[in-house]
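Chain letters run A, B, ... following the sequence lines, proteins first, then strands; residues in each count from 1. Computation of the quantities below employed the complete heavy-atom set of this structure, encompassing side-chain atoms and omitting hydrogens, waters and symmetry-equivalent molecules.
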Amino acid sequence: MKNAVFIDVPDDFNFRSTVYSHGWCELAPFSLDEDSWQLSYVFRSKDGTAIPAVISEDSGQVRVDLSAPGFDREQIEKETRHLLRLDDDLAGFYALLDGHERLEWVRDRRAGRLLRSPTVWEDLVKTICTTNCSWALTRIMVSNLVTKLGHLGAFPTPEALAGMSEEFYRNEIRGGYRSPYFIELAERVVSGDLDPESWLTSDLPTPELKKAMKKVKGVGDYAAENLLKLVGRYEGLALDSWLRSQFYKNHNAEKKCSDKKIERHYHRFGQWRGLVIWCDMTEKWIVSGPS
DNA sequence: GCGTCCAGGTCTACC
DNA sequence: GGTAGACCTGGACGC
């Protein structure tokens with residue numbers, strides 16, 4: 001118990017819906033034990049030490065068990081609140097769903113909090129790993145990054161990525177054409193030219209922030225809009241091949257249609273439309289998991 | 001076993 | 001601003 005941190009949660013929070021919100025729970029250093037319903041993650045202390053943690057529900061609170069003493073309790077609570085989106089206010093989102101029978105389950109299951117990493121840096125690298133490949137390859141790339149460049153299971157730092165060659169990313173990480181992108185991104189962050197963490201609190205209008213994100217090589221419309229969701233902005237739909245196919249199946253008699261038609265369908269949901277389409281297409285995931 | 005296609009897209013050159 | 005073609009990889013699929 002001495003190495004456990006207990007965190008209060010808002011009334012409209014649901015641990016399982018958040019963990020299952022998208023595939024992030026399957027990407028290292030996350031791992032999920034669905035039998036005991038424990039989400040593992042390896043935090044990183046300010047001095048770089050890896051801090052393995054197990055996150056679970058306990059009597060209406062979130063419980064974080066740390067395997068070793070000497071961690072910064074305040075940091076663990078702050079980062080856990082961040083990755084579970086405990087401070088996000090979804091009242092406006094839920095209110096918007098009133099009267100939409102198809103989406104009633106979202107509020108019932110308290111869905112809508114998208115699991116994220118403690119840093120935007122980590123979410124940015126992972127998002128690039130999701131582009132133009134199967135989910136299986138995404139898992140391989142992220143696992144290789146953590147295993148071969150991370151310290152004791154923690155996600156690697158920009159410094160760790162910046163020091164490696166393109167051949168290393170191609171041969172060891174299996175990053176393919178993304179390999180030079182990883183190096184350029186890491187070098188920009190290390191040099192101070194780019195600060196992904198600033199996107200969390202940016203005053204820029206969303207279209208401008210999206211433009212800034214797209215200046216990162218490997219980040220296009222889908223990746224930028226996915227990252228925007230992870231920093232709390234949901235104006236973009238983040239359409240990818242999977243989301244499109246689900247829309248065709250659920251709203252268009254299994255026939256392909258233009259992205260503009262999809263955009264028109266969700267336009268009524270205003271600033272929350274990106275979260276609405278995600279929930280609309282992922283009910284089965286939230287209920288039974290993304291795999 | 002082998003070839004093809006495509007997946008949680010993006011970049012560049014060209015018009 | 002819009003579009004065609006190239007780009008790594010791994011797994012599914014058809015033959």
> In whole angstroms, how far is the C1' atom of B/dG8 from the CE atom of A/Met141?
Replying inline: 11 Å
> Residues in side chain to side chain contact (heavy atoms under 4.5 Å, CB included) with A/Thr131, at least two apart?
Replying inline: A/Tyr177, A/Arg178, A/Tyr222, A/Ala223
>> Rounded to whole Å, please give me the gap between CG in A/Leu137 and P in C/dA12.
In response: 13 Å
> B/dG8 and C/dC7: how far apart are their P atoms, nearest whole angstrom?
Replying inline: 23 Å
> Among all residues two or more places apart in sequence or in another chain, which pass the salt bridge (charged side-chain N to carboxylate O under 4.0 Å, His left out) test with A/Glu159?
Replying inline: none
>> Ignoring hydrogens, what is the shortest heavy-atom contact between A/Phe43 and A/Glu79? Give both atom names and the distance.
In response: CD2-OE1, 3.2 Å
> Which residues satisfy the salt bridge (charged side-chain N to carboxylate O under 4.0 Å, His left out) test with A/Asp33, sequence neighbours excluded?
Replying inline: none
>> Near DNA chain B, counting only heavy atoms under 4.0 Å, which residues of residues 165-173 of chain A show up?
In response: none
> Is there any salt bridge (charged side-chain N to carboxylate O under 4.0 Å, His left out) pair reaching into residues 251-262 of chain A, and which pairs are they, with sequence neighbours excluded?
Replying inline: A/Arg244-A/Asp259
>> Checking A/Arg102 now: which residues fulfil side chain to side chain contact (heavy atoms under 4.5 Å, CB included) with it, not counting sequence neighbours?
In response: A/Asn250, A/His251, A/Asp280, A/Met281
> Roughly how far apart, to the nearest Å, are B/dC6 and C/dA6 at atom C1'?
Replying inline: 15 Å
> If you measure from the P atom in C/dC8 to the same atom in B/dA13, how many Å do you get, rounded?
Replying inline: 15 Å
> For A/Trp121, which residues count as a side chain to side chain donor-acceptor pair (under 3.5 Å) partner, sequence neighbours excluded?
Replying inline: none
> Rounded to the Å, how far apart are A/Asp123 CG and B/dG8 P?
Replying inline: 19 Å
>> Out of the candidates A/Arg113, A/Arg81, A/Lys78, only one should pair with A/Asp87 under the salt bridge (charged side-chain N to carboxylate O under 4.0 Å, His left out) rule; please name it.
In response: A/Arg81
>> From CD1 of A/Ile140 over to P of B/dG8, roughly how many Å is that when rounded to an integer?
In response: 13 Å
> How many Å lie between CG on A/Asp259 and C1' on C/dG1, as a whole number?
Replying inline: 16 Å
>> If the condition is side chain to side chain contact (heavy atoms under 4.5 Å, CB included), which residues does A/Ser165 pass it with, not counting sequence neighbours?
In response: A/Glu167, A/Phe168
> Just by protein heavy atoms under 4.0 Å, how would nucleotides 9-15 of chain B read 5' to 3' in B, S and -?
Replying inline: BSSS---
> What pattern of brackets, bars and dots sums up DNA chain C from 5' to 3', given Watson-Crick or G-U wobble pairs under 3.5 Å, [ ] for crossing pairs and | for another strand?
Replying inline: |||||||.|||||||
> When the distance from CD of A/Gln246 to P of B/dA7 is rounded to whole Å, what number comes out?
Replying inline: 12 Å
>> Distance check needed: B/dC6 C1' versus A/Leu243 CG, whole Å only.
In response: 17 Å
> If you measure from the C1' atom in B/dC11 to the same atom in C/dG10, how many Å do you get, rounded?
Replying inline: 22 Å
>> I need the CG-P distance between A/Asn144 and C/dT9, as an integer number of Å.
In response: 12 Å
>> For A/Tyr234 and A/Phe93: C-alpha separation, side-chain torsions, deciding distance, then whether side chain to side chain contact (heavy atoms under 4.5 Å, CB included) applies.
In response: CA-CA 10 Å; A/Tyr234 304 100; A/Phe93 170 64; over 6 Å; no
> Excluding sequence neighbours, so at least two apart, what forms salt bridge (charged side-chain N to carboxylate O under 4.0 Å, His left out) with A/Glu104?
Replying inline: none
> salt bridge (charged side-chain N to carboxylate O under 4.0 Å, His left out): which pairs involve residues 38-60 of chain A, sequence neighbours left out?
Replying inline: A/Lys46-A/Asp72, A/Asp58-A/Arg63
